[in-house]
Asks: 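Structure provided below as structure tokens; questions to follow.
Keep in mind that the numbers below use all heavy atoms, side chains included, and drop hydrogens, waters and symmetry copies. All values reported here derive from a predicted model rather than from experimental measurement. Proteins come first, then strands; the chains are lettered A, B, ... in the order of their sequence lines, and each starts at number 1.
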2 protein chains.
Amino acid sequence: MAGIKDVAAEAGLSVATVSRVLNGHPSVSEDARRRVTAAVEALGYRPNAVARSLRTDQTRTLGLVISDVMNPYFTELARSVEEEARALGYSVIIGNADERPDLQDHHVTTLLDRRIDGLLVSPTDDGSPGMLAAARAGTPMVFVDRWIPGVDVPVVRSDGRSAVRDLVAHLHGLGHRRLAIISGPAATTTGRERVEAFRAALGAYGLPLPDAYIGQGDFQAESGRRVTEGFLELDEPPQVVFAADNLMALGALDAIRARGLRVPDDIALAAFDDIPWFVHTDPPVTAIAQPVRELGRAAVRALVDRIEGRPGSSVTLPARLVVRRSCGEPAAVGPSGGRGIDRPPSPVRRSTP
Amino acid sequence: MAGIKDVAAEAGLSVATVSRVLNGHPSVSEDARRRVTAAVEALGYRPNAVARSLRTDQTRTLGLVISDVMNPYFTELARSVEEEARALGYSVIIGNADERPDLQDHHVTTLLDRRIDGLLVSPTDDGSPGMLAAARAGTPMVFVDRWIPGVDVPVVRSDGRSAVRDLVAHLHGLGHRRLAIISGPAATTTGRERVEAFRAALGAYGLPLPDAYIGQGDFQAESGRRVTEGFLELDEPPQVVFAADNLMALGALDAIRARGLRVPDDIALAAFDDIPWFVHTDPPVTAIAQPVRELGRAAVRALVDRIEGRPGSSVTLPARLVVRRSCGEPAAVGPSGGRGIDRPPSPVRRSTP
DNA sequence: ATCCTCCGTGTAATCGATTCCACGAGGAGG
DNA sequence: CCTCCTCGTGGAATCGATTACACGGAGGAT
């Protein structure tokens, strides 16, 4: 493969001049510029990014370590991150942690070894050794979706509390009183927050959230299935299951179906994180939608700000409730007006399935 | 950040010795080994992969350019590729082409600039300039899922022909006679092959595949919707729509639902590429499943073989039909025996939804 | 005792770029 | 006419590793 020296020889100039042309440095004659361009063309020369990175100490690459690629929420996040990064002149290397702290550490270490310019992480837990080391190491970093308390790094995430309140209002309006939640891992912020938001919203209606109605999941489909089976075996099973992510909702659907029960007639289901497939499940699933694209964009911008020396601040965007049919038909189904929700929620949208 | 020189100083040895310890070179004394290890530990030293790559001319990184990350099929492929690569000591950089040849070229170029050791591609079309250049450039390369005819590169893919025959047998057995297909882009091998396999299978039953029943899609949901709307407006609409990928099936479902029609009563639906959500759609979708994990693994092994100087050969794995309810209930639903398919297909499996 | 081998180690070249510094030519100003 | 800038250019150092080669000392064979 041709190197800069070959180009210099072909153009009859020094490597310094070639480099200057390649980098758009001002003090180069028009003649030299032309000859270099011609030589580059003739040889099909492409600069070696590895050598360039070594010298300049920047790779123009961002690392993105996400908890689970197979989760459509993170897939979409990854996509939007890559898009925004590309627009800003950066590449992205994705690491899939599969909700495993050890795998997460592996990727963080590999990424740091490659001297990426900045790191975007949605941590699997409250701080694996590698993660904490990275935060201290001085590499620009931004948390997205989840974060680690006590670590001084900007966080880009969405606040689901108001959407959860809307959801509970919706459920209460439909007459449901025994509500259960399949939570995420207690070691993640989103795992804890969603339970807390749910409990708080329930409290506003004087409804309890007994321990038996809090199932410990891990954001994977299988745990949703297992927890839901547990719920269904209780003497007094819940009337509603709220899954803290879409994969666990899938598992819950599996478990309910396996029992021969029907949604929403026998039991209602709602999920955190909306995805296109929820429109076509049987029945369409009521879900809380995060502004994923905006989250990805904001995270990249915050990170690039840090990389390029600007402050780079935290961002919190609101999530919103999307009502479908998995919790029961609202009492009134008119095209507008009374939605059958007994307290006026702010940003509820009803999607026609 | 500490470099190898710092480690050498700390250990009171030369950089050469440190490097030898780090790379497990045999001729190093036990004493030196211990001192280096201690120094590395003390300084928290991590070798700079960029510098190492420059010198050794290998990055231990594979590039994976896929047509569309948002398609669960490719997401799963990416995941399995990364897993196998990691097991073999390689990292993976994923590029998402979004079915756009220009974006695909962008990623291929970037990847080549970074001097990845090998490239795994599922090409968006029959050869964009960048793609062909890469194939000629001498970088080890393997095609996965799709390939470019006439380019001498190993191909790892699955053969859906027998599964498509099973599908047509199943449909024919249910009494369907007017069958339509939403094809992929004509510029892709999978786009063409699936139509051909369908046409051939239809031919075996003396059924035609009129042009009006071949809709031009692009593997994205929106095109599935558009094409299906076209089918539904025909004077004689098809009784079955077979989508050549899962995203277009999603779009087809949208279009059918929007018309107020029901699956399978009013129209049947089947798809290429099975995904977990198909179990829970309304109704569960009959699909052709590819052995994605195996495909990913085989592709990586073939590529690494080429990289490390071994031959590296093409692999073709069979796909299989998974019957669900979107084409109608089979006549006999006994636990075993007659499945209602009028010709005995070989590897049909029925999944309990 | 001498010579030859290993063995462990260090010095320095090298990978392919970027960039500091020096240098010569040419123009402007005194 | 001399001096001083500016501009375009080239030489060479540099980034952080790997590795060919040289070298000194220990040990074995003769």
Asks: For dT14(D), does OP1 or OP2 lie under 4.0 Å from any side-chain N or O of Arg55(A)?
Replies: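 Checking dT14(D) against Arg55(A), no side-chain N or O comes under 4.0 Å of OP1 or OP2.
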Asks: Report the distance from atom CD of Glu30(B) to atom P of dT9(C), rounded to the nearest whole Å.
Replies: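 Between P of dT9(C) and CD of Glu30(B): 10 Å.
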Asks: Look at the side-chain N and O atoms of Ser19(B) and state whether any lies under 4.0 Å from the OP1 or OP2 oxygen of dT18(D).
Replies: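 For Ser19(B), the contact criterion (side-chain N or O under 4.0 Å from OP1 or OP2 of dT18(D)) is met.
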Asks: In whole Å, what is the span from the CZ atom of Arg115(B) to the P atom of dA17(C)?
Replies: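 In whole Å, dA17(C) P lies 7 Å from Arg115(B) CZ.
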Asks: Whole Å only: how far is the NE2 atom of His25(A) from the P atom of dC20(C)?
Replies: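 Nearest whole value for this atom pair: 8 Å.
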Asks: Starting from P on dC7(C), measure out to CZ on Arg20(B) and report it in whole angstrom.
Replies: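 That distance rounds to 14 Å.
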Asks: Out of dT9(C), dT19(C), dC15(D), which has the shortest distance to the side chain of Ala16(A)?
Replies: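 Among dT9(C), dT19(C), dC15(D), the one nearest the side chain of Ala16(A) is dT19(C).
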Asks: How many whole angstroms separate atom CG of Asn48(B) from atom C1' of dC15(C)?
Replies: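 That distance rounds to 13 Å.
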Asks: Which nucleotide in the list dT11(C), dA17(C), dC15(D) gets nearest to the side chain of Leu54(A)?
Replies: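 The answer is dC15(D).
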Asks: Looking for any heavy atom pair under 4.0 Å, which part of the strands does Ala49(A) touch: base, sugar-phosphate only, or nothing?
Replies: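 Nothing, no nucleic acid heavy atom in range.
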Asks: Contact class for Thr17(B) vs. all strands (heavy atom < 4.0 Å): base, sugar-phosphate, or nothing?
Replies: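 Counting heavy atoms under 4.0 Å across all strands, the contact made by Thr17(B) is with sugar-phosphate only.
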Asks: Would you classify Leu22(A) as touching base, sugar-phosphate or nothing, given that sugar-phosphate means primed atoms plus P, OP1 and OP2, and contacts are heavy atoms under 4.0 Å?
Replies: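 Here Leu22(A) touches no strand at all.
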Asks: For the pair made of CZ in Arg60(B) and P in dA17(D), what is the distance, rounded to whole Å?
Replies: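 In whole Å, dA17(D) P lies 18 Å from Arg60(B) CZ.
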Asks: Give a yes or no on whether the backbone of Val155(A) and the side-chain of Ser314(A) come within a donor-acceptor separation of less than 3.5 Å.
Replies: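 Such a contact is found between Ser314(A) side chain and Val155(A) backbone.
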Asks: Scan Thr56(A) against the nucleic acid and name what it touches under 4.0 Å (heavy atoms): base, sugar-phosphate only, or nothing.
Replies: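 It contacts sugar-phosphate atoms only.
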Asks: To the nearest angstrom, how far is Asn23(A) atom CG from dT9(D) atom P?
Replies: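 Atom-to-atom, Asn23(A) to dT9(D), this comes out as 15 Å.
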Asks: Between dT18(D), dA17(C), dT9(D), which one does the side chain of Arg52(B) approach most closely?
Replies: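 My answer, after comparing the listed nucleotides, is dT18(D).
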Asks: Select from Ala51(B) and Ala32(B) the residue whose nearest nucleotide in DNA chain C is closer to the 5' end of that strand.
Replies: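 Nearest nucleotide further toward 5': that of Ala32(B).
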Asks: Which nucleotide wins on minimum distance to the side chain of Val15(B), given the candidates dA12(C), dC15(C), dG11(D)?
Replies: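 Between dA12(C), dC15(C), dG11(D), the one nearest the side chain of Val15(B) would be dA12(C).
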Asks: So does Gln290(A) get a backbone contact from the side chain of Ser158(A), meaning a donor-acceptor N/O pair under 3.5 Å?
Replies: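 No, the answer is negative, given that no donor and acceptor are paired below the 3.5 Å cut-off.
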Asks: Between the main-chain N or O of Gly89(B) and the side-chain N or O of Arg60(B), is there a donor-acceptor pair closer than 3.5 Å?
Replies: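 Flag set: sc Arg60(B) to bb Gly89(B) pair under 3.5 Å.
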Asks: Please examine the side chains of Val40(B) and Leu22(B), heavy atoms only from C-beta on, and report whether any two atoms are closer than 4.5 Å.
Replies: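 Yes, side chains in contact.
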Asks: Contact class for Ser27(A) vs. all strands (heavy atom < 4.0 Å): base, sugar-phosphate, or nothing?
Replies: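 Base contact.
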Asks: May I have the distance from Arg34(A) (atom CZ) to dT9(D) (atom P), rounded to whole angstrom?
Replies: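 It is 12 Å, rounded to the nearest whole Å.
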Asks: Verify, without hydrogens or angle tests, whether His107(A) (side chain) and Leu103(A) (backbone) share a donor-acceptor contact under 3.5 angstrom.
Replies: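 Yes; judged by distance alone, with no hydrogens or angles, the pair exists.
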